[in-house]
Structure formats: C-alpha cells, structure tokens
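All ligand and atom numbering here is 1-based and tracks the order in the structure. For the numbers below, each heavy atom of this structure counts, side chains included, while hydrogens, waters and symmetry mates do not.
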Amino acid sequence: VMFGKVKACNLTVAPERCANECNLVLLGATGSGKSALIVKFLTKRFISEYDPRLEDIYSSEEMVDQQPVVLRVMDTYDQDGPVNTERYVSWASAFIVVYSIENQDSFKVCHKYLDTLSLHKKTCEVPIVLLGNKLDLERYRQVSKSTGEELALRFGCLFYEISACLDFHDVQQIFHEAVRRVRLR
Ligand code: GDP
Ligand code: MG
C-alpha cells in the first residue's frame with residue numbers, strides 16, 4: 001500500500017494528482033491583517049472586525065491553472081512573535097508571512113518569523129511569501145517597498161504588497177501563487 005503512494009505519483013498518475021493538496025499557514029503580528037486576508041480570499045468580502053485570538057484551519061476547493069487543489073489555510077495568533085512553531089511547521093506546505101506597510105513593528109515581527117522558519121531544516125523547501133498588507137493606507141506607509149523586497153530576497157521569499165480591502169482577485173492571486181510554488185517543488 002505504501003508502494004502505491006510513491007510509485008503511483010512518479011509513474012502512473014498525472015502530476016496534478018500528486019499535488020492536489022496544499023496547507024498554507026499565515027503568520028505575522030497581530031493586526032497585520034491575516035484574518036482579513038483569509039476572509040477576503042474565502043468570501044470575497046472584507047470583514048473589518050475579527051477576533052484576533054481565533055486560530056482555525058479553513059478548507060477550500062480551488063482551481064489553480066485549471067487544476068483542482070484542496071487548499072487548507074491556517075489562521076494563527078501569536079501574542080509575541082514566533083512561539084510554539086511546532087503546531088504548524090511540519091503541517092505547512094507553504095507560508096505567507098504578513099506585515100502592514102503602515103506599521104514598522106509588524107515588519108520587524110516578520111523578520112523574526114523568517115529567522116525562526118529558516119532554522120527549521122524542512123522549511124528550506126517550503127515556499128514562503130512575504131506580504132506587505134494594507135496597501136490602501138499608502139499615505140501612512142512606514143515600510144518602503146524596497147525594504148520589503150530586500151528582506152524577501154535575503155530569505156528567498158516571494159514578495160507582494162496587497163490590500164485586504166481592495167481587489168479580490170489580487171488577494172486570490174497570492175494564495176494561488178503559493179499553490180503554484182508548492183507544485184513546483
Ligand atoms: P490579524 O490580527 O493579523 O488577523 O489582523 P486582522 O485581520 O484582524 O486585521 C487587523 C485590523 O486591520 C482590522 O481592524 C482590519 O479591519 C484591519 N485591516 C486588515 N487588512 C486591512 C487592509 O488591507 N487595509 C486596511 N485599511 N485595514 C485592514
Ligand atoms: Mg487574526
């Protein structure tokens with residue numbers, strides 16, 4: 001039976017059947033907009049108030065590049081940066097590390113998460129997206145785009161800026177890009 005799983009993927013089953021599941025974990029400072037991004041992705045709506053302590057896993061059947069994938073998304077809450085990382089490190093197939101472009105401290109917290117993730121051997125092969133959220137608050141920006149890009153480059157992450165309260169497709173695109181990267185591994 002074990003034989004089935006490995007062999008089938010390599011030899012007989014089309015590649016998309018092997019990568020038809022993806023576990024995505026969102027990390028970042030409280031208030032950076034993790035829950036708002038997840039709710040937007042799942043419902044196309046922006047929810048402005050959301051219990052920050054809520055940790056949950058949501059599941060959505062998605063089509064990414066005409067291929068189905070069961071996308072599970074874990075919303076996390078850490079009071080003081082990375083703690084109890086074991087609850088998601090082995091589960092994750094990709095990470096989205098979120099900060100708010102109008103909050104320098106949230107960017108520092110991202111740095112801590114990236115440092116912590118890079119200590120785990122397994123995560124070398126796990127795609128990470130560094131995501132600057134709240135792009136609609138450009139006028140209050142504290143973290144320049146190039147600062148974000150530099151950090152992403154240093155840790156080998158993808159990098160985007162986004163707003164959870166603007167275009168749904170832009171938000172969807174980021175979650176789907178994470179799936180693509182997992183498939184490429
Ligand atoms: P979390 O603690 O990382 O889950 O952050 P939340 O999703 O709870 O968002 C924290 C606060 O920021 C809430 O008041 C949200 O309404 C707000 N928020 C989240 N994303 C955005 C965004 O893209 N733009 C703006 N203006 N506010 C946002
Ligand atoms: Mg939250």
Side-chain angles (χ1 to χ4, degrees), residues 22-60 62 71-89 91-118 120 123 126-149 151-152 155 157-179 181:
C22 180
N23 294 343
L24 195 53
V25 177
L26 273 80
L27 300 172
T30 304
S32 56
K34 300 177 294 297
S35 302
L37 286 162
I38 292 170
V39 170
K40 179 78 162 206
F41 171 63
L42 294 172
T43 70
K44 303 190 182 174
R45 298 219 169 101
F46 176 70
I47 309 262
S48 63
E49 291 309 321
Y50 205 77
D51 182 350
R53 293 155 306 175
L54 207 81
E55 268 205 358
D56 223 332
I57 297 174
Y58 305 89
S59 186
S60 174
E62 298 285 317
L71 180 54
R72 296 189 202 89
V73 182
M74 185 191 287
D75 193 8
T76 62
Y77 165 68
D78 287 323
Q79 207 165 1
D80 307 298
V83 285
N84 302 327
T85 54
E86 61 281 359
R87 74 191 190 280
Y88 51 70
V89 161
W91 183 82
S93 24
F95 294 99
I96 299 182
V97 183
V98 184
Y99 65 94
S100 166
I101 64 153
E102 49 80 74
N103 186 316
Q104 179 67 40
D105 288 340
S106 72
F107 185 70
K108 287 190 196 137
V109 173
C110 281
H111 199 154
K112 281 192 203 164
Y113 276 107
L114 294 175
D115 271 334
T116 305
L117 290 178
S118 67
H120 292 273
T123 57
V126 175
I128 303 175
V129 179
L130 178 64
L131 188 59
N133 187 36
K134 308 198 186 182
L135 194 54
D136 56 295
L137 300 180
E138 177 71 60
R139 64 195 179 282
Y140 304 115
R141 184 190 279 273
Q142 293 183 355
V143 184
S144 72
K145 190 173 180 185
S146 60
T147 306
E149 281 167 344
L151 186 64
F155 285 91
C157 309
L158 295 170
F159 176 73
Y160 301 100
E161 291 187 336
I162 192 84
S163 169
C165 57
L166 298 178
D167 185 47
F168 161 73
H169 292 100
D170 289 346
V171 174
Q172 185 188 47
Q173 192 51 34
I174 288 172
F175 285 76
H176 284 190
E177 191 56 31
V179 171
R181 295 298 163 138

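For the residue pair S100 and N133, no side-chain donor N or O sits within less than 3.5 Å of a side-chain acceptor on the partner. A donor and an acceptor atom, one from each side chain of N23 and Y88, are nowhere located under 3.5 Å apart.
Across K34, E102, K40, E49, heavy-atom proximity to atom 3 (O) of ligand 1 is greatest for K34. By heavy-atom distance, the residue among A36, A29, S48 lying nearest atom 15 (C) of ligand 1 is S48. Nearest-heavy-atom check against atom 6 (P) of ligand 1 across G132, G33, P52 picks out G33. Evaluated by nearest non-hydrogen atom to atom 24 (N) of ligand 1, the leading choice among T30, L54, D136 is D136.
The protein heavy-atom contact nearest to atom 20 (N) of ligand 1 is N133 ND2, 3.1 Å. With respect to atom 11 (C) of ligand 1, the closest heavy atom belonging to the protein is K134 NZ, 3.9 Å. The closest protein non-hydrogen atom to atom 23 (O) of ligand 1 is A164 N, 2.8 Å. Taking atom 2 (O) of ligand 1 as the reference point, the nearest protein heavy-atom neighbour is G31 N, 2.7 Å.
Residues L24 and R72 have side chains not in contact (no heavy-atom distance under 4.5 Å, counting atoms from C-beta outward).
Judged by distance alone, the side chain of R45 and the main-chain N or O of F41 form no donor-acceptor pair under 3.5 Å. When atom types are taken as modelled, the side chain of E102 and the backbone of R141 share no donor-acceptor pair closer than 3.5 angstrom. Of the possible polar contacts, one joining the K40 side chain to the L166 backbone as a donor-acceptor pair under 3.5 Å is found. In this structure a side-chain-to-backbone donor-acceptor pair under 3.5 Å is missing from T147 to V143.
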Worksheet item: Does the pair V98 and L27 meet the rule for a side chain to side chain contact (heavy atoms under 4.5 Å, CB included), with working shown?
Response: CA-CA 6 Å; V98 184; L27 300 172; over 6 Å; no
Could you give me the CA-CA distance, side-chain angles and deciding distance for L137 and K134, then say whether side chain to side chain contact (heavy atoms under 4.5 Å, CB included) is met? CA-CA 6 Å; L137 300 180; K134 308 198 186 182; 4.1 Å; yes
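Around the Mg ion (ligand 2), the protein N, O or S atoms closer than 2.8 Å are S35 OG, listed by chain and residue number.
Taking a 4.0 Å cut-off on heavy atoms, S32 registers as neighbouring ligand 1. Remark: distances from the non-hydrogen atoms of Y77 to ligand 1 are all 4.0 Å or more.
Counting heavy atoms closer than 4.0 Å to ligand 1, residue L137 contributes side-chain atoms (C-beta onward) but none from N, CA, C or O.
By the 30° and 60° cut-offs, the orientation of the rings of F159 relative to Y99 is parallel.
Surrounding CZ of F168 are more than 12 heavy atoms belonging to other residues, nucleotides or ligands, all under 6.0 Å away.
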